[in-house]
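This report refers to the structure that appears directly beneath it.
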There are 2 protein chains.
Amino acid sequence: MEENKHVTIYDIAERLNLATSTISRALKDHHTISDKTIKKVKKTAEEMGFVPNTLAAGLRGNKTKTIGVLIPTVTQPFLSSLISGIEITAQKSNYTVIIMQSHDSYEKEVDMAKSLYSNRVSGVICSLAMETKDTSHFKQFSNNNIPLVFVDRVPKDYNTFRVVIDNFSAGYKATKHLIDQGCKRIAHLTAGSEYGSLYNERKRGYVEALKDHDLVVDEDLIISLESFTYEEGVKASNQLFDLKDIPDGLFAPGDIIAVSAVQTAKKRGIKVPDDFAVIGFNNDPISQIIDPNLSTITHPAEKMGKASAEIIIKNLKSLKNEDAKEITFLNTEVLVRESSDKNKL
Amino acid sequence: MEENKHVTIYDIAERLNLATSTISRALKDHHTISDKTIKKVKKTAEEMGFVPNTLAAGLRGNKTKTIGVLIPTVTQPFLSSLISGIEITAQKSNYTVIIMQSHDSYEKEVDMAKSLYSNRVSGVICSLAMETKDTSHFKQFSNNNIPLVFVDRVPKDYNTFRVVIDNFSAGYKATKHLIDQGCKRIAHLTAGSEYGSLYNERKRGYVEALKDHDLVVDEDLIISLESFTYEEGVKASNQLFDLKDIPDGLFAPGDIIAVSAVQTAKKRGIKVPDDFAVIGFNNDPISQIIDPNLSTITHPAEKMGKASAEIIIKNLKSLKNEDAKEITFLNTEVLVRESSDKNKL
DNA sequence: GAGCGCTTCGCAATCGGTTGTGTAAAAATA
DNA sequence: TATTTTTACACAACCGATTGCGAAGCGCTC
């Protein structure tokens with residue numbers, strides 16, 4: 001332990017007068033090594049403070065037991081929960097997690113993809129940057145049989161694993177819930193179309209639900225946000241409340257946005273949920289704390305992380321570029337809380 | 001790009017009829033290589049889709065440009081911001097970040113420390129697990145001149161870098177602010193003594209401020225929590241409000257706890273801040289959203305992450321185990337918002 | 001044109017495990 | 001006892017980039 005140099009299997013071999021190959025095999029309970037030798041080697045390794053060098057093993061075996069995670073940011077509750085799920089699963093199989101933040105920049109995403117490849121990760125889990133339209137920087141993984149999983153914000157035209165929720169159905173469910181509460185004029189906030197299909201799907205669900213229940217789709221009630229910040233939410237909410245014909249419900253595709261709407265309503269003396277029922281999305285921690293509690297759609301972040309990691313760990317050995325990759329759909333649920341519960345059930 | 005095998009410098013060397021050493025040097029603009037050769041090599045490398053193998057370089061050079069981060073969890077706002085700061089700084093110097101969660105378990109922390117060592121990280125940034133009392137599992141880093149930085153939750157008896165805030169002074173400032181608002185009976189929630197010095201320091205600051213202003217320290221107003229959850233906060237708050245002599249202020253060492261107190265007060269018809277002024281800690285996102293807005297103490301998470309990463313990147317070359325390691329103190333500020341602002345300034 | 005210095009590059013060892021192949025010795029079978 | 005099988009281990013190549021050392025090529029000077 002007081003050494004200033006790493007202890008290697010060579011050191012152990014020398015001490016025990018054995019070959020390094022024997023040490024290596026003994027340490028991993030290889031069947032060609034006798035129990036006696038295995039015990040002796042392990043004991044000595046322990047005594048000498050041996051810690052295997054992952055780099056050497058990775059270099060030789062061309063596998064690193066490392067999962068690369070490439071996401072916009074780690075500070076959003078959804079994404080940090082996603083990481084948590086990945087990390088927990090990885091840990092169980094002795095995998096290491098490397099994390100990189102694209103900050104929603106396409107260029108950074110390209111750089112970091114290269115960096116992950118450079119680190120010879122065993123697999124990659126990615127949630128795309130807002131800016132990203134071209135996904136060719138992921139081909140290096142596909143071409144080298146490095147499993148690639150897209151989560152949540154996924155490209156539509158890429159044959160690889162995907163772990164997602166059914167955003168259409170989630171949007172439908174959320175909207176239907178408001179309709180069931182008696183709302184007739186339901187507003188919806190969404191993201192610019194360039195932000196990919198995710199928000200469009202939710203919007204599609206919203207529109208479909210309205211149509212199915214013979215409600216008009218009023219374009220005035222659909223506002224597209226630049227970004228999903230509290231301030232943007234306030235701005236949009238005020239825009240809604242400034243209409244002649246004010247909405248009586250809102251489906252917001254994010255809890256922060258929903259909260260901003262609830263609070264803006266309160267400030268303007270509009271009662272939530274009686275005059276204005278709100279449902280958010282994600283089930284962020286804040287949704288349970290805010291007053292009134294926020295109804296929301298669960299977004300199983302940690303489960304999605306676990307599922308993604310499991311795909312990678314399972315698919316390490318056999319998979320070919322051409323093979324069709326499955327899409328994993330995870331469930332969402334409507335979580336009814338105060339902000340949309342007109343009937344106080 | 002269509003290869004199924006990684007392109008190596010050997011492949012480039014063969015193509016150009018040069019030695020691998022020349023390729024290696026050319027790629028990093030070594031001065032002994034002519035500009036012409038450098039250009040040619042880089043162009044070919046690009047064409048062939050060469051991506052350096054970090055493992056090989058790391059193995060040979062015994063340096064990996066990797067920072068290991070070992071923290072309780074990634075899902076707390078403070079810690080995910082810390083990670084963000086680390087990652088941003090690392091990125092600038094082309095470092096990679098490996099993240100592991102101890103989930104506040106001592107055993108996991110020991111395991112993961114070994115795993116980080118096994119990965120031959122260039123440096124380690126750690127915020128200790130709640131359970132951790134013995135820190136000998138970090139000696140492997142110190143003994144091998146791998147820079148080690150403790151952040152926020154740090155051991156007191158370990159000679160290594162530390163990045164912290166002055167918790168005593170923060171506690172003092174928070175309490176003094178309440179006193180300035182006219183509070184006479186200020187409660188304080190804290191963590192069990194086994195949770196290390198951090199919360200004790202805040203408490204010390206609290207006590208000191210009371211004494212300095214001739215207020216009595218009432219043990220009934222100091223409650224030690226098992227864990228920092230919303231529910232625990234509610235329980236403690238109710239305990240406070242059940243006293244004959246109710247407090248008129250609260251310093252909570254975390255925003256979640258503070259929010260739970262504010263909401264519990266509201267439920268019981270106690271007016272915040274008039275009857276009960278509250279100040280939290282951390283400046284979590286929720287503090288600005290909750291109604292009334294929560295006064296709090298800023299906890300510069302991202303800055304702390306940046307500072308930690310910088311220490312590691314700077315200290316890679318020359319430092320010896322015996323050298324004294326500096327402690328970096330970062331500033332905190334009192335952020336006065338509605339929950340403690342009796343004078344509506 | 002011999003000597004000197006500088007530029008440019010090749011050779012080969014090295015980092016530390018992993019693993020296919022080879023070979024003794026021990027055990028089992030004939 | 002001879003032969004086959006099994007056990008237990010050693011040898012050495014290998015993964016891919018790095019780097020100290022050596023040497024060839026070139027221009028220059030005297």
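Proteins come first, then strands; the chains are lettered A, B, ... in the order of their sequence lines, and each starts at number 1.
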Exercise. Taking the six-membered ring for Trp, are B/Tyr106 and B/His137 ring centroids under 6.0 Å apart?
Worked result: yes

For this session: Find the distance A/Ile9:CD1 to C/dT18:C1' and express it as a whole number of Å.
Result: 8 Å

For this session: Return the value, rounded to whole Å, for the distance between atom NE2 of B/His31 and atom C1' of C/dT8.
Result: 11 Å

For this session: Tell me whether the centres of the aromatic rings in A/Phe161 and A/Phe150 are closer together than 6.0 Å.
Result: no

Problem set entry | DNA chain C contacts made by residues 112-119 of chain B, counting heavy atoms under 4.0 Å | none

For this session: May I have the step-by-step check of salt bridge (Lys or Arg N to Asp or Glu O under 4.0 Å) for A/Glu310 and A/Lys306, ending in yes or no?
Result: CA-CA 6 Å; A/Glu310 275 162 14; A/Lys306 286 183 181 174; over 6 Å; no

Exercise. Is there a side-chain polar atom (N or O) of B/Ser34 under 4.0 Å from OP1 or OP2 of C/dC9?
Worked result: yes

For this session: Provide, to the nearest angstrom, the distance between the NZ atom belonging to A/Lys36 and the P atom belonging to C/dA26.
Result: 11 Å

For this session: Could you check A/Lys42 against A/Glu46 for salt bridge (Lys or Arg N to Asp or Glu O under 4.0 Å), going step by step and ending with a plain yes or no?
Result: CA-CA 6 Å; A/Lys42 285 191 175 173; A/Glu46 179 70 33; over 6 Å; no

Problem set entry | Within the 6.0 Å centroid threshold, strictly below: A/Tyr117 and B/His6 | yes

For this session: For A/Thr32, report the nucleic acid contact type (base, sugar-phosphate, nothing); a contact means any heavy atom under 4.0 Å.
Result: base

Exercise. First contact, last contact: which nucleotides of DNA chain D are these for chain B, 5' to 3', heavy-atom distance under 4.0 Å?
Worked result: D/dG16 to D/dC21

Problem set entry | A/Pro147 and A/Lys325, any side-chain heavy atoms less than 4.5 Å apart | no

Exercise. C/dG17 P sits how many Å from A/Tyr10 OH, rounded?
Worked result: 8 Å

Problem set entry | Along DNA chain C (nearest heavy atom to each residue), the more 5'-positioned of B/Asn17 and B/Arg60 | B/Asn17

Exercise. Of B/Lys40 and B/Gly61, whose closest DNA chain C nucleotide lies nearer the 5' terminus?
Worked result: B/Lys40

For this session: Provide, to the nearest angstrom, the distance between the CG atom belonging to B/Asn144 and the C1' atom belonging to C/dC15.
Result: 15 Å

For this session: Could you check whether B/Asp11 gets within reach of a base, just the sugar-phosphate, or nothing at all, counting any heavy atom under 4.0 Å?
Result: nothing

Problem set entry | Trace of the side-chain contact (heavy atoms from CB on, under 4.5 Å) decision for B/Glu302 with A/Thr75 | CA-CA 10 Å; B/Glu302 197 167 306; A/Thr75 54; 5.7 Å; no

Exercise. Just checking A/Ser21: base, sugar-phosphate only, or nothing, at a heavy-atom cut-off of under 4.0 Å?
Worked result: base

Problem set entry | Nearest-angstrom distance from the residue atom CG of B/Leu18 to P of C/dC11 | 11 Å

Exercise. Rounded to whole angstrom units, what separation is found between the CG atom of B/Leu16 and the C1' atom of C/dC9?
Worked result: 13 Å

Problem set entry | Any B/Thr22 side-chain N or O less than 4.0 Å from OP1/OP2 of C/dG10 | yes

For this session: With heavy atoms under 4.0 Å as the rule, sort A/Asn53 into base, sugar-phosphate or nothing.
Result: sugar-phosphate

For this session: Answer with yes or no whether the side chains of B/Tyr95 and B/Thr89 bring together a donor and an acceptor at under 3.5 Å.
Result: no

Seminar exercise, completed: Quick note, A/Arg25 side chain, CB onward, closest among C/dT18, C/dG20, C/dC11 is C/dG20

For this session: Please test B/Arg153 against B/Asp104 for salt bridge (Lys or Arg N to Asp or Glu O under 4.0 Å), starting from the C-alpha separation and ending with a verdict.
Result: CA-CA 11 Å; B/Arg153 217 185 283 158; B/Asp104 278 320; 3.1 Å; yes

For this session: Starting from the 5' end of DNA chain D, give me the residue, A/Leu59 or A/Thr37, whose nearest nucleotide shows up first.
Result: A/Thr37

Problem set entry | Interatomic distance where NZ belongs to B/Lys63 and C1' belongs to C/dG16 [whole Å] | 16 Å

Exercise. Nearest heavy-atom pair of A/Thr132 and A/Asp134: which atoms, and what distance?
Worked result: CG2-O, 3.4 Å

Exercise. For the side chain of B/Ile33, counting heavy atoms from C-beta on, which of C/dC9, C/dG10, C/dC15 is nearest?
Worked result: C/dC9

